[in-house]
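The block underneath contains the structure these notes are about, expressed in structure tokens.
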Amino acid sequence: MAKKKQDTGPEARLPKGFHDTDAAELRATRAMLDKIRSVYERYGFEPLETPAIEYTDALGKFLPDQDRPNEGVFSFQDDDEQWLSLRYDLTAPLARYVAQNFQALPKPFRRYATGTVYRNEKPGPGRFRQFTQFDADTVGTDSVAADAECCMLLAETLEAIGVTRGGYLVKLNSRKVLDGVLEGIGIAPGADGDHAKRLGVLRAMDKLDRLGTEGVALLLGAGRKDESGDFTAGAGLDARSIDKVLGFLSAANASRSAALAALSPLVAGSATGEAGVADLAEIDSLLTAAGFGDDCVAIDASVVRGLEYYTGPVFEAELTSTIVSADGQPMRFGSVGSGGRYDGLVQRFMGQPVPATGCSIGVSRLQAALAALAGGAAKAEGQGPVIVLVMDRAQLPRYQSMAQALRSAGIRAEMYLGTSGMKAQMKYADRRGAPCVVIQGGDEIAKGEVQIKDLIEGAKAAAAITDNKEWKEARPAQISVAVSDLVATVREILARHASAA
RNA sequence: GCCGCCUUAGCUCAGUUGGUUAGAGCGCUAGAUUGUGGAUCUAGAGGUCCCCCGUUCAAUUCGGGGAGGCGGUACCA
């Protein structure tokens with residue numbers, strides 16, 4: 001490999017968690033982005049693009065005790081020593097944008113945005129250090145109708161890209177309801193000192209789907225040791241409180257109305273909790289009115305989401321099928337979309353409270369998950385260009401003009417730019433996925449003709465021929481036409497394949 | 001971060017109980033076929049057996065350390 005390490009320069013390699021995207025995958029990604037965009041547009045959101053780099057403090061990530069950006073964020077210092085960071089989501093930059101342009105924006109302000117975001121953490125299946133998100137947010141209203149729309153948007157978008165109803169589920173909860181439960185076990189938000197305990201309880205609840213009731217019970221109490229021997233400290237609740245929390249988690253039932261009925265008594269007495277249940281009830285009625293039933297949006301008490309800034313309804317979308325890797329191992333992809341209400345985020349920049357809610361689709365993860373489901377990488381093979389073969393290098397201008405004529409007619413075409421012989425050129429055309437090649441050697445020039453070989457048709461004809469000599473002499477799917485008919489003939493061939501496909 | 005498994009050709013993997021020329025399939029290049037992609041046949045190129053240190057007459061193989069990959073766990077805006 002690197003026999004002469006000093007002479008061959010640096011090793012050509014990529015940092016972990018990053019990957020190159022080839023043409024086929026790129027086309028698949030673009031197709032997905034187009035579908036998402038059209039749904040977002042239809043819901044009335046306006047596009048907005050903000051830079052990949054922001055001041056670190058605008059992203060809001062400082063360790064409390066250090067004058068350094070948080071780990072997990074790619075950061076560096078500018079000439080003036082100010083800390084800059086690569087954005088780790090599209091929400092924090094939105095909050096900055098809204099605060100900066102508040103006077104000029106119509107309220108509620110609704111925008112969508114897509115782009116790559118960066119997280120400096122350990123990669124995994126469907127987890128990258130650079131990935132694409134597609135967000136839609138509504139800023140400037142505290143109506144939970146905006147939250148309901150987020151759930152609808154997630155569901156509708158997933159269906160637009162081909163996930164059938166039932167193949168995904170948007171799980172809905174409310175931070176207010178969670179706070180109500182915390183209040184019920186005596187560690188209400190606001191009562192400082194129990195902060196760590198609250199985080200522990202919420203994190204434990206979030207792990208219900210992965211660890212089951214027993215695992216969550218351990219994490220709520222003394223702690224849990226996983227199969228690799230790693231120990232996770234528990235929240236240290238007493239048995240009575242653990243039972244209460246577990247009872248709450250099991251309140252999510254088959255239908256939203258059943259879940260609401262079960263939730264109500266569990267938060268009774270907590271004003272926050274009751275308000276949360278009321279929010280969910282209103283969202284439920286809006287979803288129902290819009291035709292989004294229990295089969296696509298469900299209430300799930302174990303949905304917690306980020307601990308930093310969500311203040312009201314929270315939701316996440318996941319694919320319901322079990323994804324199995326090539327060697328039969330089930331893979332855990334996590335949610336492919338999520339969101340929630342973050343009423344405090346814009347306020348960080350301006351004294352005044354600005355309620356907001358939004359959702360985000362993890363495009364890269366979604367694509368990876370769908371690819372894994374399909375048993376291979378997401379590929380959208382495009383059709384290659386028509387290749388004009390170079391039979392005689394002295395005639396390059398002639399070939400160039402043919403390629404240009406095809407291009408002028410809107411046909412993807414190129415003159416062969418390498419220096420190899422005809423056989424290699426045919427191979428090249430084959431590998432490029434060319435629908436046909438244009439051949440003009442001395443004989444054809446003398447007759448004022450060109451040979452056009454249909455490679456797709458030719459490949460089909462070849463299947464029946466096993467003798468190479470016969471195959472060559474038959475010249476399947478190859479026709480000779482006058483130079484003046486070149487464009488029309490190529491167009492016919494393309495049209496034939498387009499309608500066949 | 002912690003735990004476990006893994007690392008041999010471009011790819012997927014054999015193999016060497018420590019021994020002199022390390023293999024296969026696929027892929028790649030060329031020829032059979034001076035102007036025809038497929039198939040077939042033939043030939044060829046391509047390896048510091050992840051790196052470093054140690055044990056040994058001898059290490060790709062054994063031991064220690066490191067790096068990279070995979071998985072679990074923690075964290076997750």
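As the structure is a computational prediction, the values presented were derived from the model and not from experiment. All values below were derived from every heavy atom in this structure, side-chain atoms included, with hydrogens, water molecules and symmetry-related copies excluded. Reminder, nothing fancy here: chain letters follow the sequence lines and each chain counts from 1.
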_Nearest-angstrom distance, C1' atom, B/G69 to B/G35_ = 48 Å
*Looking at residues at least two apart in the chain, or sitting in another chain, which of them share a ring pair (Phe, Tyr, Trp, His ring centres under 6.0 Å) with A/Tyr168?*
none
_Between B/U61 and B/U55 - P atom distance, rounded Å_ = 15 Å
_For Watson-Crick and G-U wobble pairs within 3.5 Å on both distances, what is RNA chain B written in dot-bracket notation, | included for inter-strand pairing?_
(((((((..((((.....[...)))).(((((.......))))).....(((((..]....))))))))))))....
*In whole Å, what separates the C1' atom of B/G23 from that of B/A32?*
27 Å
*side chain to side chain contact (heavy atoms under 4.5 Å, CB included) involving A/Arg96 - partner list, sequence neighbours excluded*: A/Thr50, A/Pro51, A/Glu54, A/Ala58, A/Gln100, A/Phe349
*Taking only N and O in the side chain of A/Lys207, is any of them less than 4.0 Å away from OP1 or OP2 of B/C75?*
yes
Could you pull out every donor-acceptor pair under 3.5 Å between side chains of residues 352-359 of chain A and any protein atom, sequence neighbours left out?
from: A/Thr357; atom 1: OG1; to: A/Asp147; atom 2: OD2; distance (Å): 2.6
from: A/Thr357; atom 1: OG1; to: A/Gly340; atom 2: O; distance (Å): 3.2

*asked:* Quick test of your reading of the model: are A/Asp89 and A/Arg87 salt-bridged, counting only N-O distances below 4.0 Å?
replied: no
*Determine the interplanar angle of the A/Phe134 and A/Tyr112 rings, folded into 0 to 90°, and report it as parallel if under 30°, tilted if 30 to 60°, perpendicular if over 60°.*
tilted
*Does the side chain of A/Arg119 get closer than 4.0 angstrom to OP1 or OP2 of B/C75 through an N or O atom?*
no
*Would one find a side-chain N or O of A/Arg305 under 4.0 angstrom from OP1 or OP2 of B/C76?*
no
*Please state how far atom CZ in A/Phe128 lies from atom P in B/C70, giving the value in whole angstrom units.*
11 Å
*Contacts of A/Ala429 that satisfy side chain to side chain contact (heavy atoms under 4.5 Å, CB included) - sequence neighbours left out*: A/Ile387, A/Ala434, A/Val437, A/Leu455
*Can a donor-acceptor pair under 3.5 Å be found between the side-chain atoms of A/Arg203 and the base atoms of B/C75?*
no
*Between B/U36 and B/G31, how far is it from one P atom to the other, in whole Å?*
11 Å
*Using a 4.0 Å cut-off on protein heavy atoms (strictly under), produce a 5'-to-3' string for nucleotides 30-42 of chain B with B for base contact, S for backbone-only sugar-phosphate contact, and - for none.*
---B-BBBBB---
*How about A/Tyr118 and A/Tyr88: are their ring centres within less than 6.0 Å of each other?*
no
